[in-house]
Amino acid sequence: MTRLRSVVPADDTDDLRAALRVDADSGQIWLNEHRMLLVHAEAQALLRKELIDSLGMERAQGLLMRMGYASGQRDADLARNVAQHSSDVDAFMTGPRLQTIEGIVHVQPVAIEIDRAAGHFHAELVWQHSWEGEWHRHFYGTHAEPVCWTQVGYACGYASAFMGRPILFVETECVGMGGPVCRIVGKPVDEWPDAGRHMRFLNPEPIAERLLELQTQVGQLRSTIDEQRIGEVGLGGVNLIGQSPGFRAACELLRAAAPSRIAVLLLGETGVGKELFARALHRMSPRADKPFVAVNCAAIPHELLESELFGAERGAYTGAQVARPGRFERADGGTLFLDEIGDLPLSAQAKLLRVLQEGEVERLGGTQPRKVDVRVVAATHQRLAQQVKDGRFRSDLYYRLNAYEIEIPPLRERKEDISPLARHFLGKYEAIAGKKLRGFTDLAKRAMLSYSWPGNVRELQNMVERGVLLAPSGGRVEATHLFPCSTRELHEAGLEMVDGLGGGGWPAGRALCEAVLNGVMTLDQIEAMLLETAVDKARGNLSSAARLLGLSRPQLAYRLKRLHEAQSAARGDEAGPQA
């Protein structure tokens with residue numbers, strides 16, 4: 001066993017200095033076979049501070065200790081090469097001397113007992129001018145516990161690799177605690193009664209995975225707390241995603257109708273979100289604390305529809321064992337949403353008209369009318385006016401329901417709404433699937449923007465859900481995850497831009513290409529036409545126009561300014577000869 005009670009001679013330190021090489025031509029610093037870095041202490045301290053502020057004291061301590069541990073293990077390899085013929089103590093002191101040369105801390109040995117063959121180790125060292133402790137106190141003031149985490153990790157890693165068994169160093173004094181010096185004591189892990197409290201910092205913690213897990217949990221909580229919250233136009237607690245002029249106009253009409261009792265007819269293709277509009281109308285109305293009852297008239301067999309709407313008395317029909325209220329009675333005081341009202345049979349239309357006029361219902365098989373106070377909101381994807389002409393819908397009921405009409409535009413006319421809708425559904429289904437993705441690929445974005453969306457928002461929602469399930473965790477949703485088709489099928493489905501990315505297609509743009517190539521138009525004229533059309537379509541809103549073009553607002557403003565300057569210059573040139 002080797003014991004140390006004095007400072008190691010300086011000769012070995014000189015050998016280490018000789019092993020340090022600086023190659024000014026290549027910009028590399030070498031310590032034997034190890035490449036080293038010379039960094040600013042303040043910059044390193046600021047990085048350490050950012051880790052603490054971002055991760056918290058405990059996680060930052062673990063990360064810094066593990067970083068120091070890895071560095072110590074590598075220096076132990078160097079110690080074995082430099083001090084092959086030295087005593088155990090002299091060989092061990094190679095690491096502390098390296099720390100002194102590197103400017104980290106000046107190490108003063110107090111007592112060292114080492115017997116590598118027997119696995120015996122005990123060391124007590126004093127650190128002077130600790131870089132880590134001084135900077136920690138500079139940023140955070142005097143600390144209650146030792147803070148030289150990187151250096152302690154280095155000592156643990158170095159000693160463990162040197163001895164070939166786990167060695168734990170514990171800092172018992174620290175300048176970060178207000179002391180004049182730092183002091184550490186090291187011995188095998190199994191000789192420390194509280195080793196677990198210190199060793200836990202050396203166990204790798206998957207911080208990124210933990211953060212992703214927490215993000216998923218937050219997403220699930222948000223989804224659970226408010227399932228109806230989906231966007232940017234807040235109406236009665238139901239937020240509707242939409243930036244396009246047509247969609248916002250529909251929202252404004254809905255907002256204006258909310259305080260009144262007027263019957264509202266929602267028009268729009270299947271999947272545009274008519275029920276969501278109806279729920280928003282109910283929540284904004286004075287009836288918000290009363291029931292909202294939805295009925296899909298197309299989903300109920302015609303022979304059962306009347307009993308579903310108006311209720312039935314016991315024995316009214318075969319199987320009616322008990323009397324039960326209909327949807328109108330259940331919605332008393334609130335709102336009844338009649339979806340796909342164009343599929344309502346004529347017999348039920350007559351009874352519905354009576355309810356709307358008289359404010360009372362009569363159950364199937366009953367004789368006594370029952371008063372109800374219900375606001376009716378109807379919706380259909382059909383053209384009721386045409387059905388009236390064809391004799392399939394009562395004209396008096398049509399005019400009663402058509403008192404206030406709101407048409408919700410299809411998604412193909414709301415191109416600027418596709419991206420925010422897709423992002424919302426991506427976040428929703430990430431939380432449900434328990435995975436974190438990095439968004440959509442550029443090709444997927446172009447595919448979504450050029451697709452015609454016959455199923456509207458519902459189709460987009462289903463397609464994004466599919467994409468989230470197919471995309472690998474940590475990756476991006478690709479076009480093939482959304483559209484499980486070949487390139488030819490994508491083209492036939494209306495995804496001309498996807499086909500065009502490969503250089504083969506984009507038939508809609510061929511005429512413009514030919515016009516430019518044949519000298520009929522210039523690129524500047526096409527750009528001007530595109531900019532002016534986008535601004536007109538956005539009704540002068542530059543932010544909306546920029547989104548239509550895939551530009552930022554400043555980029556669009558710059559292009560418009562350049563266009564106006566060119567037009568002014570052209571007018572000036574034309575006016576010159578006339579003058």
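None of the values given here were measured: they were computed from a predicted structure. Hydrogens, waters and symmetry mates play no part in the numbers below; they use all other heavy atoms, side chains included.
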Check salt bridge (charged side-chain N to carboxylate O under 4.0 Å, His left out) between Arg200 and all other residues, then give those that pass, not counting sequence neighbours.
-> Glu58
How long is the span from the CH2 atom in Trp453 to the CD1 atom in Ile418, to the nearest 0.5 Å?
-> 7.0 Å
CD (Glu132) and CD (Gln151) are apart, to the nearest 0.5 Å, by 5.0 Å
Phe337 ring centre to Arg279 NZ or CZ under 6.0 Å, with the angle to the axis within 45°?
-> no
Arg48 to Trp149, cation-pi by 6.0 Å centre distance and 45° axis angle = yes
Looking only at heavy atoms, which two atoms of Leu240 and Cys251 are closest? And how far apart?
-> CD1-SG, 4.0 Å
Between Arg248 and Asp417, is the closest basic N to carboxylate O distance under 4.0 Å?
-> no
Kindly indicate, with the supporting measurements, whether the criterion side-chain contact (heavy atoms from CB on, under 4.5 Å) is fulfilled by Ile112 and Leu125.
-> CA-CA 8 Å; Ile112 299 179; Leu125 307 172; 4.0 Å; yes
Given side chains that start at C-beta, do those of His143 and His136 come closer than 4.5 Å, heavy atoms only?
-> yes
Give a yes or no on whether the ring-centroid distance for Phe483 and Tyr451 is below 6.0 angstrom.
-> yes
Quick one: are the ring centres of Phe121 and Phe92 less than 6.0 Å apart?
-> yes
Partners passing ring pair (Phe, Tyr, Trp, His ring centres under 6.0 Å) against Tyr558 (at least two apart in sequence or in another chain) | none
Ignoring hydrogens and angles, tell me if any N or O in the side chain of Lys290 forms a donor-acceptor pair with the backbone of Thr335 under 3.5 Å.
-> no
Would Asp53 and Lys49 pass as an ion pair if we require N to O under 4.0 Å?
-> yes
Counting only heavy atoms not in Gln28, do more than 12 sit closer than 6.0 Å to its CD atom?
-> yes
To the nearest 0.5 Å, what is the distance between CG (Leu64) and CD1 (Ile52)?
-> 6.5 Å
For the residue pair Arg458 and Asn462, establish whether any side-chain heavy-atom pair is separated by less than 4.5 Å.
-> yes
For Gly474 and Leu437 the tightest heavy-atom approach is N-CD2, 4.1 Å
If we only count heavy atoms from C-beta on, is the Glu478 to Leu443 side-chain gap below 4.5 Å?
-> no
Non-neighbouring partners of Ser71 that pass side-chain contact (heavy atoms from CB on, under 4.5 Å), sequence neighbours left out | Tyr154
Begin from the C-alpha positions of Asp339 and Lys274 and carry the test side-chain contact (heavy atoms from CB on, under 4.5 Å) through to its verdict.
-> CA-CA 8 Å; Asp339 197 10; Lys274 296 187 288 291; 4.0 Å; yes
Over all heavy atoms of both residues, which pair between Arg116 and Asp88 is shortest? Give the atoms and the distance, please.
-> NE-OD1, 3.2 Å
